[in-house]
Amino acid sequence: MPFGLASRTIVRSCRITFFFTSLFCAAALFCPAFAAANGVQASALDNATDLRAAKESFDADDYVSATKTLQAALEKSADDPEIHFWIGRCSYELFDFNSAVASFERAIQLQPKSSLYHQWLGRAYSEKADREHSLSLARKTKKEFQTAVRLDPSNISAHRDLAEYEMDAPWIAGGDKDDARRQVEAISILDPIEGSLARAMYVFHVEKKPAQAEEIYRQVLQQKPQRIQPYFEIARFFQRPGRPADLELAIQGAAAIDPADPRLDYFRGVAKFLENTDFPGAERLLTHYASSAPQRSDWPYRADALEWLGRTLEAEGKRAEAIAQYREALRLDPRRKFAHERLSKLEKSSD
């Protein structure tokens with residue numbers, strides 16, 4: 001959705017400006033309703049300015065500065081749903097999911113028919129449910145995704161969120177493989193590429209047919225999507241042993257769209273590790289991504305890169321350095337099972 005209002009430029013001669021300024025002041029003195037209406041307009045313009053400034057900080061991955069700007073705007077416009085929504089977005093990127101939930105819930109109170117707001121509340125509930133092992137939050141997650149789809153049937157990402165939830169969740173938490181398939185069909189009608197990506201996920205997770213899923217992903221690569229995100233989604237699928245050639249094809253497709261995208265370092269580092277031919281190159285690329293890439297919820301996390309870096313250092317015989325990377329990955333995300341296992345093994349063998 002648009003972030004803020006479009007800027008407008010008004011040109012006036014000095015004389016006309018003076019005349020209307022005087023007229024405005026007189027109207028404000030003798031007509032309180034006029035003054036109040038102008039105050040609302042000025043407030044809206046202030047909000048637009050604050051929102052633009054916050055969006056610039058958000059896009060630069062400076063979520064703390066964006067939050068400060070938005071909090072200042074909130075003091076002037078406490079009931080602006082868009083301000084609450086973007087505070088929630090900042091909190092989400094900072095992994096403060098309690099605050100994200102509170103902000104998204106407030107935005108929905110103020111604007112209950114926003115598909116986008118319900119979708120992001122569902123995402124925040126999902127993160128909390130995962131961390132707290134909460135069945136009630138899991139059910140809330142599905143409810144919000146369903147509401148997002150109902151409010152805007154053209155919201156493809158909401159369809160995908162709902163489908164992925166229904167594929168993964170147990171039935172007691174709202175898992176529903178049949179409805180997940182219906183979501184995939186709806187996505188396919190809206191966007192064939194997105195539909196193929198969703199279908200590949202369904203085939204892999206629900207039907208347990210990895211070879212068929214791989215073929216669907218390869219067909220998407222052959223179609224050469226004009227957006228970069230499908231390539232990185234496919235790259236994530238193929239970042240596993242035995243598929244470096246497919247991973248390389250996805251990387252090449254992404255690079256053709258934006259050769260400067262920082263995520264290329266991550267996937268190229270993973271590819272070099274899987275190819276088992278250039279561990280120093282993999283180490284260099286993964287180190288660079290881990291130290292410089294922005295923190296974004298839809299990008300590979302720093303902990304992802306550190307875990308792959310730990311594997312690379314192990315392969316190079318650098319045990320102490322590998323231990324350090326696994327520890328840092330677990331500090332950032334204690335739920336990483338592979339890092340736990342590798343760290344435990346390395347620490348035992350070094351005793």
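All residue numbers in this chain count up from 1 along the given sequence.
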Note to self: Looking only at side-chain N and O atoms, does N155 offer a donor or acceptor that is under 3.5 Å from a partner on S157?
What the structure shows: yes
Notebook entry, point to check: Can you tell if the side chain of L70 reaches within under 4.5 Å of the side chain of L51, non-hydrogen atoms only?
Noted result: yes
Notebook entry, point to check: Can you list every pair that meets ring pair (Phe, Tyr, Trp, His ring centres under 6.0 Å) and has a residue in residues 181-224, with sequence neighbours left out?
Noted result: F204-F237, Y217-F237
Item checked: E194/R160 salt bridge by N-O under 4.0 Å criterion -> yes
Note to self: If hydrophobic clusters are built by linking Ile, Leu, Val, Met, Phe, Trp and Tyr wherever their side-chain heavy atoms come under 4.5 Å apart, do Y289 and L285 end up in the same one?
What the structure shows: no
Margin query: Just so I know, are the side chains of R123 and Y92 near enough to count as touching, which here means a heavy-atom distance under 4.5 Å?
Written below: yes
Note to self: Just by distance, no angles: are the side chains of D96 and S99 close enough, under 3.5 Å, to form a donor-acceptor pair?
What the structure shows: yes
Check: Quick one: does T287's side chain have a donor or acceptor within less than 3.5 Å of a partner on R284's backbone?
Finding: no
Check: With side chains defined as the heavy atoms from C-beta onward, is the minimum distance between V101 and E105 less than 4.5 Å?
Finding: yes
Item checked: Residue pair W308 / Y266, side-chain donor-acceptor N/O under 3.5 Å -> yes
Check: Do you know the tightest heavy-atom contact between A138 and A129?
Finding: N-CB, 3.7 Å
Next item on the list: Could you tell me the separation between the CG atom of D258 and the CD1 atom of I228, rounded to the nearest 0.5 Å?
Entry: 5.0 Å
Notebook entry, point to check: So how far is it from F95 CZ to S297 OG, rounded to the nearest 0.5 Å?
Noted result: 8.0 Å
Check: Under 6.0 Å from the NZ atom of K128, do we count more than 12 heavy atoms belonging to anything else shown?
Finding: yes
Note to self: With heavy-atom distances below 4.5 Å as the criterion, would you say the side chains of V206 and E166 are in contact?
What the structure shows: no
Next item on the list: Please check if the side chain of S196 supplies one atom and the backbone of P192 the other of a donor-acceptor pair under 3.5 Å.
Entry: yes
Notebook entry, point to check: With distance as the sole test, does T69 use its side chain to make a donor-acceptor pair with the main-chain N or O of A54 at under 3.5 Å?
Noted result: no
Notebook entry, point to check: For F232 and D298, what are the C-alpha separation, side-chain angles and deciding distance, and is it a side-chain contact (heavy atoms from CB on, under 4.5 Å)?
Noted result: CA-CA 10 Å; F232 286 129; D298 57 346; over 6 Å; no
Next item on the list: Output the distance between atom CZ (R336) and atom CG (D304), rounded to the nearest 0.5 Å.
Entry: 4.5 Å
Next item on the list: For L249 and I234, run side-chain contact (heavy atoms from CB on, under 4.5 Å): C-alpha distance rounded to whole Å, both residues' side-chain angles, the deciding distance at 0.1 Å, then the answer.
Entry: CA-CA 9 Å; L249 285 175; I234 295 171; over 6 Å; no
Next item on the list: State whether D50 and K76 are salt-bridged, where the test is any N-O pair (Lys NZ or Arg NE/NH1/NH2 against Asp/Glu carboxylate O) under 4.0 Å.
Entry: yes
Notebook entry, point to check: Would a hydrophobic clustering, with Ile, Leu, Val, Met, Phe, Trp and Tyr connected at side-chain separations under 4.5 Å, put L116 with I83?
Noted result: yes
Next item on the list: Compare all side-chain heavy atoms of R199 with those of S188 and state whether any distance is below 4.5 angstrom.
Entry: no
Note to self: Looking at E233 and R227, is there a salt bridge between them, counting it only when a charged N and a carboxylate O are closer than 4.0 Å?
What the structure shows: no
Check: Hey, are D178 and R182 close enough for a salt bridge, meaning a charged N less than 4.0 Å from a carboxylate O?
Finding: no
Check: Would you say the side-chain atoms of E283 and T312 include a donor-acceptor pair closer than 3.5 Å?
Finding: no
Checklist line | Check: Y63 ring centroid to F58 ring centroid under 6.0 Å | finding: yes
Next item on the list: Give a yes or no answer on whether the side chain of R335 reaches the backbone of L330 with a donor-acceptor pair at less than 3.5 Å.
Entry: no
Next item on the list: Kindly work out whether a path of hydrophobic side-chain contacts (I/L/V/M/F/W/Y, heavy atoms less than 4.5 Å apart) joins I216 to I187.
Entry: no
Notebook entry, point to check: With hydrophobic residues grouped by side-chain heavy-atom distances under 4.5 Å, do W299 and L286 end up in a single group?
Noted result: yes
Note to self: Checking R327 against E347 for the side-chain contact (heavy atoms from CB on, under 4.5 Å) test, could you report, in this order, the C-alpha distance in whole Å, the side-chain angles of both residues, the deciding distance, and whether it holds?
What the structure shows: CA-CA 11 Å; R327 284 177 176 167; E347 288 178 332; 2.9 Å; yes
Next item on the list: Indicate yes or no for a side-chain donor-acceptor contact from S77 to the backbone of D80 under 3.5 Å, with no hydrogens or angles considered.
Entry: no
Next item on the list: Enter the distance from R106:CZ to D79:CG here, rounded to the nearest 0.5 Å.
Entry: 5.0 Å
Check: Would you find a donor on one side and an acceptor on the other, under 3.5 Å apart, between the side chain of S134 and the backbone of D130?
Finding: no
Note to self: Please check if the number of heavy atoms outside K68 that lie under 6.0 Å from its NZ is greater than 12.
What the structure shows: no
Item checked: Main-chain N/O of K224 paired to Q226 side chain as donor or acceptor, under 3.5 Å -> yes
Item checked: Check: K142 side chain, G174 main-chain N or O, donor-acceptor pair, under 3.5 Å -> yes
Next item on the list: Could you name each residue pair satisfying ring pair (Phe, Tyr, Trp, His ring centres under 6.0 Å) that touches residues 316-349, not counting sequence neighbours?
Entry: none
Margin query: If you compare all heavy atoms of Q119 against all heavy atoms of F145, which two are closest, and at what distance to 0.1 Å?
Written below: O-CE2, 3.4 Å
Checklist line | Between CG on residue D176 and CD on residue Q146, distance to nearest 0.5 Å | finding: 9.0 Å
Item checked: Side chain proximity check, D179 to L162, heavy atoms < 4.5 angstrom -> yes
Note to self: Let me check something: do V149 and Y125 share a hydrophobic cluster, defined by ILVMFWY side-chain heavy atoms less than 4.5 Å apart, either directly or through other members?
What the structure shows: no
Next item on the list: Check W86 against K55 and note the closest heavy-atom contact, atom names and distance.
Entry: CH2-CE, 4.2 Å
Margin query: Testing the basics here: between P300 and R236, what is the closest heavy-atom pair and its distance to 0.1 Å?
Written below: CA-NH2, 3.0 Å
Checklist line | SB check E314 K318 (cutoff 4.0 Å) | finding: no
Checklist line | Pair E248 + R268: basic N to acidic O under 4.0 Å | finding: no
Check: Parallel, tilted or perpendicular for F85 and Y117, by the 30°/60° rule?
Finding: parallel
Next item on the list: Could you tell me the separation between the CD atom of E214 and the CZ atom of R243, rounded to the nearest 0.5 Å?
Entry: 4.0 Å
Checklist line | Considering all heavy atoms, the nearest K272-G281 contact | finding: CD-C, 3.8 Å
Note to self: Has S65 got a side-chain atom pairing as donor or acceptor with D62's backbone, closer than 3.5 angstrom?
What the structure shows: no
Margin query: Between Y231 and L221, does the side-chain contact (heavy atoms from CB on, under 4.5 Å) criterion hold? Intermediate values first, please.
Written below: CA-CA 7 Å; Y231 294 103; L221 290 176; 3.7 Å; yes
Next item on the list: Please name the pair of heavy atoms, one in A329 and one in E307, separated by the smallest distance, quoted to 0.1 Å.
Entry: CB-N, 4.3 Å
Margin query: For the backbone of A158 and the side chain of H118, can you confirm whether one donor and one acceptor N or O come within less than 3.5 Å of each other?
Written below: no
Next item on the list: Ignoring hydrogens and angles, state whether a donor on the side chain of Q229 or R263 is under 3.5 Å from an acceptor on the partner side chain.
Entry: yes
Checklist line | P230 side chain reached by L197 side chain, heavy atoms, under 4.5 Å | finding: yes
Check: Quick one: are I251 and L264 in side-chain contact, heavy atoms under 4.5 Å?
Finding: yes
